[in-house]
Amino acid sequence: MQLMNERRELILEELITAGTVYVSELARKYQVTYETIRKDLSQLEKKGFLVKCHGGATLKKGAIENPFQIREKENASFKKSIAQKALTLLPENCSMIIGTGSSALELAKLLVYRSGFKIFTDSLPVANTLISSQNQVVLFGGELRDKSSSVFGGWTVSMINEIQVDACFLGTDGFSNLSGPSSPSSSDAYVDKAIIAHSDKKYILGDYTKFSRKSLYKICEWQEITALITNDMADPLLVAKLEKQTQVILCE
């Protein structure tokens, strides 16, 4: 039973990364029969993760919140560019909150080579990345959330309420169906709302694909945000529409 569950988890991770999987390739990879893989796909389809098609399956859009470890790998080069642009907006020795998300983590990786900043975060990967840097780093307390590798809850928010920082940098999920940056998690959105309320400047880091994707929970209105930092591959019409509500900073 454990081997079967592990195989199905690996199939799901591959599906999230690639978007499509094939029965023949999975059978060869896991050294099982075609029928075994078809059963695996049928079970994952029953759980709402995928749609079976001839010879394989495709990921069901909006069916799941990808684990942080998977999201980190998506559009990695675009996220690095966004982080590099965000770095140029930081005054020396300023205070900031870096939120959850893979684009925010890319910013943290760049700050390893800088010093003198006061950095607060609710993200475990961000804190772990910065632990050896020459910056003052504070990890908020709270209950651990596996999907976003972060902390959340009343304790987290109470700590945020005690500070006021120069800037925050938060990630976003898709926002094609919402009038602001978003999160697939209500608990993460709740924490992000508090972060925005206690930051002088508020930056959202989101690659161009977020313009065409949907999500569940709106964090705030775009008018509350200082700027969205995204890639110049974003649809010009969608960028122009958003610029009526907040500044959009484009990077290569």
Practice task
Flag yes if more than 12 heavy atoms outside Lys193 fall under 6.0 Å of its NZ atom; otherwise flag no.
Solution key: yes
Practice task
Specify the closest pair of heavy atoms between Leu15 and Ala57, including all atoms of both residues, with the distance to one decimal.
Solution key: CD1-O, 3.7 Å
Practice task
Would you check if the side chain of Lys202 reaches a backbone N or O of Ile196 as a donor-acceptor pair within less than 3.5 Å?
Solution key: yes
Practice task
Would you kindly confirm whether Met96 and Phe140 end up in one hydrophobic cluster when ILVMFWY residues are joined by side chain heavy atoms under 4.5 Å apart?
Solution key: no
Practice task
State, without any angle test, whether Ser185 and Ser183 hold a side-chain donor-acceptor pair at a distance under 3.5 Å.
Solution key: no
Handout entry: Test item: Thr36 side-chain N/O and Val32 main-chain N/O as donor-acceptor pair under 3.5 Å
Key = no
Fill in the blank from the handout: One should read off an interatomic distance between Leu178 CG and Ile219 CD1, to the nearest 0.5 angstrom, of 9.5 Å
Handout entry: Val138 and Lys118, any side-chain heavy atoms less than 4.5 Å apart
Key = no
Problem - Side-chain donor-acceptor pair present, Asp122, Ser150, cut-off under 3.5 Å - result: no
Practice task
For the pair Asp232 and Val239, evaluate side chain to side chain contact (heavy atoms under 4.5 Å, CB included) and give the outcome as yes or no after the intermediate values.
Solution key: CA-CA 9 Å; Asp232 58 10; Val239 170; over 6 Å; no
Determine all donor-acceptor pairs shorter than 3.5 Å in which one atom belongs to a side chain in residues 240-252; sequence neighbours excluded.
unit_1: Thr246; atom_1: OG1; unit_2: Ile225; atom_2: O; d: 2.7

Fill in the blank from the handout: Heavy atoms of Ile163 and His198 approach each other most closely as O-ND1, 3.0 Å
Problem - Side-chain touch Ile98/Ile119, heavy atoms, less than 4.5 angstrom - result: yes
Handout entry: Spatial distance of atom CG (Asp188) from atom OG (Ser148) [nearest 0.5 Å]
Key = 3.5 Å
Exercise for the section: Evaluate the side-chain proximity of Val151 to Glu143: yes if any heavy-atom separation is below 4.5 Å, no if none is. Expected result: no
Practice task
Report whether Val112 and Leu124 are members of the same hydrophobic cluster (ILVMFWY, side-chain heavy atoms less than 4.5 Å apart, transitive linking).
Solution key: no
Exercise for the section: State whether the side chain of Thr172 and the backbone N or O of Ser182 hold a donor-acceptor pair below 3.5 Å, judged by distance alone. Expected result: yes
Exercise for the section: May I have the step-by-step check of side chain to side chain contact (heavy atoms under 4.5 Å, CB included) for Leu89 and Tyr203, ending in yes or no? Expected result: CA-CA 10 Å; Leu89 302 173; Tyr203 296 102; 3.6 Å; yes
Problem - Contact summary for Gly99 and Ala104, nearest pair of heavy atoms - result: O-CB, 3.4 Å
Practice task
Could you tell me whether Leu10 atom CG has more than 12 heavy atoms of other residues or ligands within 6.0 Å of it?
Solution key: yes
Problem - Trp222/Phe175 aromatic ring centres below 6.0 Å - result: yes
Problem - 4.5 Å side-chain heavy-atom contact, Ser115 and Ser133 - result: no
Handout entry: Side-chain heavy atoms of Ser95 within contact of Phe117, under 4.5 Å
Key = no
Problem - Test log, rule salt bridge (Lys or Arg N to Asp or Glu O under 4.0 Å), inputs Lys201 and Asp166 - result: CA-CA 6 Å; Lys201 292 187 177 181; Asp166 297 315; over 6 Å; no
Exercise for the section: Identify the two heavy atoms, one from Cys220 and one from Pro181, that lie closest to each other, and give their separation to 0.1 Å. Expected result: O-CD, 3.5 Å
Problem - Beyond-backbone contact of Val165 with Asp200, side-chain heavy atoms, under 4.5 angstrom - result: no
Problem - Atom CD of Glu45 with >12 non-hydrogen neighbours under 6.0 angstrom - result: yes
Problem - Asp235 side-chain N/O to Leu237 backbone N/O, donor-acceptor pair under 3.5 Å - result: yes
Practice task
Spell out, as yes or no, whether a donor-acceptor pair under 3.5 Å connects the side chain of Thr121 to the backbone of Ser123.
Solution key: yes
Fill in the blank from the handout: Distance col, row Phe169:CZ vs Leu111:CG, nearest 0.5 angstrom, shows 8.5 Å
Handout entry: Closest non-hydrogen atom pair, Lys85 against Thr88
Key = O-OG1, 2.5 Å
Exercise for the section: Find out whether Leu50 and Thr58 are in side-chain contact, i.e. whether some heavy atom of one side chain is under 4.5 Å from a heavy atom of the other. Expected result: no
Handout entry: Phe152 and Tyr190 aromatic centres sub-6.0 Å
Key = no
Exercise for the section: Please round to the nearest 0.5 Å and tell me the distance separating atom CG of Leu144 and atom OG of Ser149. Expected result: 9.0 Å
Exercise for the section: Applying side-chain hydrogen bond (donor to acceptor under 3.5 Å, both in side chains), run through Ser102 and Lys79 and close with a yes or a no. Expected result: CA-CA 7 Å; Ser102 47; Lys79 293 172 181 177; 2.7 Å; yes
Exercise for the section: Output, in order, the C-alpha distance, side-chain angles, deciding distance and verdict of side chain to side chain contact (heavy atoms under 4.5 Å, CB included) for Thr100 and Arg145. Expected result: CA-CA 11 Å; Thr100 62; Arg145 183 170 186 271; over 6 Å; no
Exercise for the section: Output yes when Arg28 and Glu25 qualify as a salt bridge under the 4.0 Å nitrogen-oxygen rule, no when they do not. Expected result: no
Exercise for the section: Could you state whether Leu110 and Leu90 fall into the same hydrophobic cluster, counting links through intermediate Ile, Leu, Val, Met, Phe, Trp or Tyr residues with side-chain heavy atoms under 4.5 angstrom apart? Expected result: yes
Fill in the blank from the handout: Residue set satisfying side-chain contact (heavy atoms from CB on, under 4.5 Å) with Glu221, at least two apart, ordered chain then number -> Ser179, Lys218, Gln223, Glu224
Exercise for the section: State whether the side chain of Thr156 and the backbone N or O of Gly141 hold a donor-acceptor pair below 3.5 Å, judged by distance alone. Expected result: yes
Handout entry: Crowding at NZ, Lys39 (>12 non-hydrogen neighbours, <6.0 Å)
Key = no
Exercise for the section: Tell me, with the steps shown, if Gln43 and Arg8 meet side chain to side chain contact (heavy atoms under 4.5 Å, CB included). Expected result: CA-CA 9 Å; Gln43 286 301 312; Arg8 289 175 180 174; 3.4 Å; yes
Exercise for the section: Look up atom OH in Tyr22 and atom CD in Glu14, then write down how far apart they are to the nearest 0.5 Å. Expected result: 11.0 Å
Problem - Approximate separation, where rounding is to 0.5 Å, of Tyr208 OH and Arg213 CZ - result: 10.5 Å
Handout entry: Lys210-Thr230 side chain donor-acceptor pair, cut-off 3.5 Å
Key = no
Exercise for the section: Tell me whether Ile204 is reachable from Ile229 by hopping between hydrophobic residues (I, L, V, M, F, W, Y) whose side-chain heavy atoms are closer than 4.5 Å. Expected result: no
Completion exercise
Heavy-atom nearest pair, Ala108 first then Leu130, reads O-CD2, 3.4 Å
Problem - Under-4.0 Å salt bridge between Lys80 and Glu106 - result: yes
Problem - ILVMFWY network linking Val51 to Val21, side-chain heavy atoms under 4.5 angstrom - result: no
Exercise for the section: Decide yes or no for Ile131 and Val137: does some side-chain heavy atom of the first lie under 4.5 Å from some side-chain heavy atom of the second? Expected result: no
